[in-house]
Every structure is written in structure tokens, then in C-alpha cells.
Chemist: 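I'd like to ask some things about the structure below.
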Protein chains: 2
Amino acid sequence: MSVEREVGAVQRMTRQRAALLEAIEGQGGFRSAQAIHHDLRARGDAVGLATVYRGLQALADAGVVDSLRTAEGESLYRRCARAEHHHHLVCRSCGRAEEIDGPSVESWARSVGGAHGFVDIEHVVELFGTCAECRARG
Amino acid sequence: MSVEREVGAVQRMTRQRAALLEAIEGQGGFRSAQAIHHDLRARGDAVGLATVYRGLQALADAGVVDSLRTAEGESLYRRCARAEHHHHLVCRSCGRAEEIDGPSVESWARSVGGAHGFVDIEHVVELFGTCAECRARG
DNA sequence: ATGCGTGCAAACGATTTGCAGCCGG
DNA sequence: CCGGCTGCAAATCGTTTGCACGCAT
């Protein structure tokens with residue numbers, strides 16, 4: 001299933017939308033909207049910053065990309081295979097990310113919440129670290 | 001050990017600092033800097049917004065208050081007993097919060113990180129839900 | 001006295017939005 | 001053609017910072 005197939009059905013395919021998708025396809029890890037915008041400009045694809053934000057938001061809603069927020073409050077995006085709930089292990093130096101299943105965390109969250117009488121538990125779990133490659137590179 | 005004792009040693013005790021501490025002592029759950037600022041003004045203690053931010057930051061550094069960020073990127077603060085690492089279960093409707101130990105999460109984070117070759121693993125774990133009281137109240 | 005602490009307003013950085021014109025279907 | 005899409009700039013929003021003055025020590 002191509003990205004065009006996933007998104008095209010609901011949205012118009014414009015030059016900028018295509019450029020955005022291509023940029024996202026090409027990147028390995030999580031990047032900020034601003035960084036993606038820079039990439040596009042550098043690559044010669046002139047796209048407005050606002051359009052990048054709007055597009056990213058739409059893609060996130062459509063489940064094509066996954067987004068998370070850094071501790072500093074910046075949003076990061078990344079093409080994401082699965083739509084189901086999962087977490088990430090993000091390299092703080094290169095942005096490379098691994099998708100993680102946290103079955104133990106899921107159950108932990110639910111039981112802790114229940115033990116305190118809380119319901120409708122939502123949880124935010126993100127891991128940050130330095131990947132082997134970046135560690136080696138120094 | 002009083003708050004004055006904890007903070008006074010390193011910082012000057014001013015009217016606004018005292019007001020801020022009092023406001024924080026009185027509140028049960030996590031509140032935003034802006035909300036705390038409103039409380040102070042409402043109570044008659046005129047304190048600048050910037051001062052509230054600066055004070056909160058200082059208290060957080062001193063380990064007197066605990067801070068966390070909502071999914072929307074807003075910082076919330078709360079008087080916090082223990083300085084050690086722990087997580088929170090926050091009521092999304094009243095801000096009431098329970099401090100949580102996550103031994104299982106700690107080890108899970110470390111092992112997952114290691115399994116992927118990542119080092120210096122940091123983790124962000126926050127739980128949000130609706131507390132029993134708020135659920136009852138509707 | 002000294003210089004930390006404060007208030008105010010301007011600065012900021014990320015993100016959003018209003019609006020007139022453009023272009024994909 | 002028509003309505004969604006875009007660019008640009010102005011507007012938000014939470015938070016930070018520069019500066020001159022005040023007050024705790």
C-alpha cells in the first residue's frame with residue numbers, strides 16, 4: 001500500500017504534498033517540522049513552513065506519520081508503519097528511532113491507575129538515548 | 001523540615017517568594033505557572049508573571065517542586081515530597097496527582113534500550129486519567 | 001552598601017490562522 | 001469552474017530575558 005494510496009483518497013496531491021511525503025519517506029528517524037522544512041528548501045522544493053505544519057498534522061491524523069513531543073515541547077514526526085499503539089526509543093543525537101511494544105508498560109499503567117481509583121488511563125512513554133552508531137562516532 | 005529551610009539557605013526570602021511557596025503548599029495537584037499566577041493575584045498577593053516563572057524554575061531546580069509537561073507542551077508544577085526519580089498519575093480534570101514508583105518501568109526502559117544498543121537511556125513516563133472523585137461528580 | 005530579586009515590556013520559538021490568489025480534479 | 005491548498009504575514013501562547021529600580025541581608 002503506497003503512501004499516495006493511503007493519503008490520496010482523502011487529500012489532493014499537490015507538488016508540495018508530494019515533496020513532503022518524499023522527504024518523510026527518505027528520513028530514518030524523528031525530525032522536527034522546522035527541520036523537514038529546511039530539508040525541503042535545501043533540496044530545492046520550495047514549500048511554505050505553514051504548509052509543512054498543515055501537511056504534517058494531516059498526515060498524523062491520517063496515521064501515516066507518528067508524532068511525539070520532546071521534553072522541550074517540540075513536535076517530531078516520522079513515517080510510521082503501524083497505526084497501533086506503541087512507543088519509541090529515539091536517539092537524541094541522530095533522531096533514529098526504534099518502535100517499541102510495551103506490553104509490560106501497558107499493563108503496569110492500567111494496574112497502577114486502577115489501584116488509585118483512576119479510570120480512562122492514558123500514558124505517555126517515550127525513551128531517549130544515544131544509539132550505538134552515534135556513541136561510536138563520539 | 002520547612003520549605004523555608006529547604007530554600008532559604010540559597011535564596012533570599014522575599015514577599016513574593018513567600019507568597020509563591022504558600023500558594024504551592026496549598027494546592028493539591030499539578031497547576032500551570034499561569035494558573036498559580038492567577039491564584040496569587042486573586043488572593044491579593046501581587047506578583048509578576050515573570051517572577052512566578054523564575055521562582056517555579058528555581059524551586060524545581062532545588063527539588064522543592066516537581067514539574068512535568070502536558071501533551072500540549074504546558075509545564076505544570078506541584079509541591080513534591082521526594083526528590084528521587086518517580087512518575088505521576090495525574091487527574092486530567094482536577095489536577096490531583098499521585099506519585100508513582102515505576103520499578104518495573106525503570107528496568108523495562110533500561111533493558112529495551114540495551115537490546116537496541118542504546119545507552120544513556122532517559123525516559124518520560126506520565127499517566128493521565130480521571131480520579132474516582134471526579135468520576136463520581138460526573 | 002551590595003547585588004540578588006522584581007516588574008514590565010519586549011523578545012522568543014514553535015505553531016496556528018486569516019486571507020487573497022492558485023491549481024488540481 | 002470550484003473548493004481545497006498554498007504562501008505570507010500577522011496572531012497566539014507559553015515562557016524567557018534585558019534593564020532599571022527596590023529591598024533583603
Chemist: To the nearest Å, give me how far apart CZ (R31(B)) and P (dT15(D)) are.
Modeler: 14 Å

Chemist: Under 4.0 Å between a side-chain N or O of Y53(A) and OP1 or OP2 of dT16(C)?
Modeler: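 The answer is no; no side-chain N or O of Y53(A) sits under 4.0 Å from OP1 or OP2.
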
Chemist: Return no unless some side-chain N or O of Q16(B) is found under 4.0 Å from OP1 or OP2 of dG7(C).
Modeler: yes

Chemist: Indicate, yes or no, whether a donor-acceptor pair under 3.5 Å links the base of dG24(C) to the side chain of R15(A).
Modeler: no

Chemist: Counting side-chain heavy atoms from C-beta on, which of dC4(C), dG7(D), dC23(C) comes nearest to T51(A)?
Modeler: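 Closest nucleotide to the T51(A) side chain: dG7(D).
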
Chemist: Can you identify which nucleotide, out of dT25(D), dT15(D), dA14(C), has its nearest atom closest to the E74(A) side chain?
Modeler: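 So the side chain of E74(A) is nearest to dA14(C).
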
Chemist: Give a yes or no on whether R78(B) atom CZ has more than 12 heavy-atom contacts from other residues, nucleotides or ligands under 6.0 Å away.
Modeler: yes

Chemist: Looking only at side-chain N and O atoms, does Q57(B) come under 4.0 Å of OP1 or OP2 in dT15(D)?
Modeler: no

Chemist: From the set dC5(D), dT15(D), dC8(D), return the single nucleotide nearest to any side-chain atom of A33(B).
Modeler: dT15(D)

Chemist: Has the side chain of R12(A) got a donor or acceptor atom sitting under 3.5 Å from an opposite partner on the base of dC5(D)?
Modeler: no

Chemist: A quick test of your reading: do over 12 heavy atoms of other residues, nucleotides or ligands sit less than 6.0 Å from CZ of R31(A)?
Modeler: yes

Chemist: Taking CG from L49(B) and C1' from dA9(C), how many angstroms apart are they, rounded to a whole number?
Modeler: 12 Å

Chemist: By nearest atom, which of the nucleotides dG14(D), dG7(C), dA14(C) is closest to the Q34(A) side chain?
Modeler: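 Side chain of Q34(A) sits closest to dA14(C).
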
Chemist: Rounding to an integer number of Å, can you tell me how far E72(B) CD sits from dC13(D) P?
Modeler: 14 Å

Chemist: Can you check the R54(B) CZ to dG14(D) P distance for me, whole Å?
Modeler: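 Rounded to the whole Å, the gap is 18 Å.
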
Chemist: Tell me: CG of D45(B) to P of dG5(C), nearest whole Å?
Modeler: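 My rounded result for the distance is 19 Å.
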
Chemist: Rounded to whole Å, please give me the gap between CZ in R69(B) and C1' in dA14(C).
Modeler: 11 Å

Chemist: dC23(D) P sits how many Å from R17(B) CZ, rounded?
Modeler: 15 Å

Chemist: Among the candidates dG7(D), dT15(D), dT15(C), find the nucleotide nearest to the side-chain atoms of S75(A).
Modeler: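 Closest of the options to the side chain of S75(A): dT15(C).
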
